[in-house]
Visitor: 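This is the structure I want to talk about, given as structure tokens.
Atom set for the values below is all heavy atoms of this structure, side chains included, hydrogens, waters and symmetry mates excluded.
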Amino acid sequence: MPKTSHNSSRQLTWAFWAFALALLLVAAELARNYQVGALQIRVEGNLSPDEREQLAALLDPYVRTSAFWLDSEDLAKDLGSLPWVGAVEIRPTGFSQATVKISHSLTTRLSSPERTLVNTIRDLVRANAHAPMSLIRDALDMDTSHKFVFMAFDVMLDEIGIRLDEVEIDASGQVVLHMDAGKTLTLGSKEPVARARRFARIYHSDLKTNWHQVAHVDARYADAVAVRASHQGQLIAAHFSSASNASGEGR
């Protein structure tokens, strides 16, 4: 009987040490993968293909390292350096895995030339005593300020393959772009540059394939554009439909 008890005790001891060794090996393997395994980052957000390419290039150094060395604060700062990025949310979802949620900035940071453009439009409205202005392509009487305003918007549209014919600035400073084929783009008087860039993003993601059907675009929304088709009816860019029942965010 004592011999049987001794054998049982020895078996329990061996089982304990075998279990402990297995647990130690599993922990070591998990730690190794966590420290040296590639980080997998899943991006969430309503992003255009161009924006996803920019994010992929920015995230590349992070996915080549491990979750152990990931500094979430540094990653958030790097993502926030992109001018169209507003809120950034980073959530760990497991060993060597994280989810990044991106929201667009509603007040996109302007570059120095873009700030100059906004200021020039404001100064033109003041200097002309709130008289409406019509800046037409190749107009011989267009002064330096007028040419600068026209060329700035012309370059923005030319980058997405649209020809600008006229920039209309009314008495209150609202900007309307008249494009080829009689199409118009209303930018309003607030943040016309940011709204023009928002239009360019949505043009690529939602409008380009059906551009021939578009008659007018209103970009005076927080994160959307309203589109009036050349035939009856009105449509909103598909995945920005939350703004379909909202009025413009401001003139």
Side-chain angles (χ1 to χ4, degrees), residues 43 45-58 78-88 102-122 124-125 135 137 147-169 173-180 183-211 214 216-228 235-244 246 248-251:
V43 177
N46 192 6
L47 309 178
S48 70
D50 288 343
E51 290 167 347
R52 288 191 177 276
E53 286 184 8
Q54 293 178 44
L55 280 180
L58 192 148
D78 283 347
L79 294 174
S81 67
L82 295 171
W84 49 268
V85 171
V88 177
I102 303 291
S103 300
H104 283 103
S105 172
L106 300 184
T107 54
T108 308
R109 294 186 281 283
L110 300 179
S111 65
S112 180
E114 290 169 336
R115 285 195 299 271
T116 301
L117 172 60
V118 171
N119 293 335
T120 301
I121 293 173
R122 180 196 60 203
L124 284 174
V125 172
L135 316 181
R137 175 180 292 275
K147 286 181 179 178
F148 172 67
V149 172
F150 184 92
M151 292 302 298
F153 287 113
D154 187 38
V155 169
M156 290 185 204
L157 293 183
D158 185 65
E159 288 179 347
I160 60 175
I162 297 176
R163 173 187 168 91
L164 176 64
D165 292 330
E166 178 185 355
V167 177
E168 179 185 352
I169 305 175
Q174 288 198 80
V175 177
V176 178
L177 305 184
H178 295 263
M179 303 169 286
D180 54 352
K183 304 178 190 297
T184 55
L185 169 62
T186 297
L187 300 176
S189 59
K190 296 180 180 179
E191 303 179 355
V193 175
R195 291 172 176 177
R197 293 197 304 201
R198 181 187 306 138
F199 162 74
R201 291 200 306 268
I202 299 177
Y203 171 82
H204 276 299
S205 62
D206 290 88
L207 302 177
K208 187 174 182 179
T209 55
N210 296 311
W211 184 239
V214 173
H216 174 71
V217 180
D218 188 342
R220 294 174 298 172
Y221 290 85
D223 197 18
V225 296
V227 180
R228 187 172 70 241
L235 59 96
I236 301 295
H239 56 267
F240 291 83
S241 59
S242 59
S244 61
E249 64 175 349
R251 296 291 184 178

Visitor: Would you mind reporting whether Leu164 and Asp158 have side-chain heavy atoms less than 4.5 Å apart?
Guide: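 SC-SC contact between Asp158 and Leu164 ruled out.
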Visitor: Taking the side chain as everything from C-beta on, heavy atoms only, tell me whether Ile202 gets closer than 4.5 Å to His204.
Guide: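 They are not in side-chain contact.
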Visitor: Would you mind reporting whether Met179 and Leu157 have side-chain heavy atoms less than 4.5 Å apart?
Guide: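 Touching, per the 4.5 Å side-chain cut-off.
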Visitor: Does Leu177 reach the side chain of Thr184, with side-chain heavy atoms less than 4.5 Å apart?
Guide: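 SC-SC contact between Leu177 and Thr184 ruled out.
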Visitor: Salt-bridge test for Arg137 and Asp154: reply yes if a basic N is under 4.0 Å from a carboxylate O, no otherwise.
Guide: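 Result for this pair is yes, salt bridge flagged.
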Visitor: Taking the side chain as everything from C-beta on, heavy atoms only, tell me whether Lys190 gets closer than 4.5 Å to Arg195.
Guide: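 Side chain of Lys190 against side chain of Arg195, heavy atoms only: contact under 4.5 Å found.
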Visitor: Please determine which of Phe153, Tyr203, Phe199 meets the side chain to side chain contact (heavy atoms under 4.5 Å, CB included) test together with Leu185.
Guide: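 Result: among Phe153, Tyr203, Phe199, Phe199 is the only option passing the side chain to side chain contact (heavy atoms under 4.5 Å, CB included) with Leu185.
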Visitor: Between Val125 and Gly173, what is the shortest heavy-atom contact and its length?
Guide: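 Closest pair (atom of Val125, atom of Gly173, distance): CG2-CA, 3.8 Å.
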Visitor: State the CG-CG distance between Leu124 and Asn119, to the nearest 0.5 angstrom.
Guide: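 Between atom CG of Leu124 and atom CG of Asn119 there are 11.0 Å.
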Visitor: Please round to the nearest 0.5 Å and tell me the distance separating atom NZ of Lys147 and atom CG of Leu135.
Guide: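 Reported to 0.5 Å precision, the distance equals 12.0 Å.
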Visitor: Could you give the distance from CH2 (Trp211) to CG (Asp206), rounded to the nearest 0.5 Å?
Guide: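 Reported to 0.5 Å precision, the distance equals 12.0 Å.
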Visitor: What's the separation between atom OG in Ser189 and atom CD1 in Ile169, rounded to the nearest 0.5 Å?
Guide: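 Between atom OG of Ser189 and atom CD1 of Ile169 there are 11.0 Å.
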Visitor: Looking at every non-hydrogen atom in both residues, tell me the closest pair between Arg198 and Ala219 and how far apart they are.
Guide: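 Heavy atoms only, the tightest pair is NH1-O, 3.3 Å.
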Visitor: Evaluate the criterion side chain to side chain contact (heavy atoms under 4.5 Å, CB included) for residue pair Glu168 and Gln174; output intermediate values, then yes/no.
Guide: CA-CA 8 Å; Glu168 179 185 352; Gln174 288 198 80; over 6 Å; no
Visitor: Quick one, Arg115 and Leu117 - any side-chain contact, counting heavy atoms below 4.5 Å?
Guide: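 Arg115 vs Leu117: side chains apart.
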Visitor: Closer than 4.0 angstrom, basic N to acidic O: yes or no for Arg201 and Glu51?
Guide: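 Salt bridge between Arg201 and Glu51, a charged N being under 4.0 Å from a carboxylate O: yes.
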Visitor: So do Val43 and Arg52 actually touch side chain to side chain, heavy atoms under 4.5 Å?
Guide: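 Side-chain contact under 4.5 Å: yes.
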Visitor: Is the shortest side-chain heavy-atom distance between Val217 and Thr186 below 4.5 Å?
Guide: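 A side-chain contact under 4.5 Å is absent here.
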Visitor: Assess whether side chain to side chain contact (heavy atoms under 4.5 Å, CB included) is satisfied between Val176 and Leu187, documenting all intermediate values.
Guide: CA-CA 6 Å; Val176 178; Leu187 300 176; over 6 Å; no
Visitor: Can you check whether His178's main-chain N or O pairs, donor with acceptor, with Lys183's side chain at less than 3.5 Å?
Guide: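 Checking the backbone N and O of His178 against the side chain of Lys183, no donor-acceptor pair under 3.5 Å is found.
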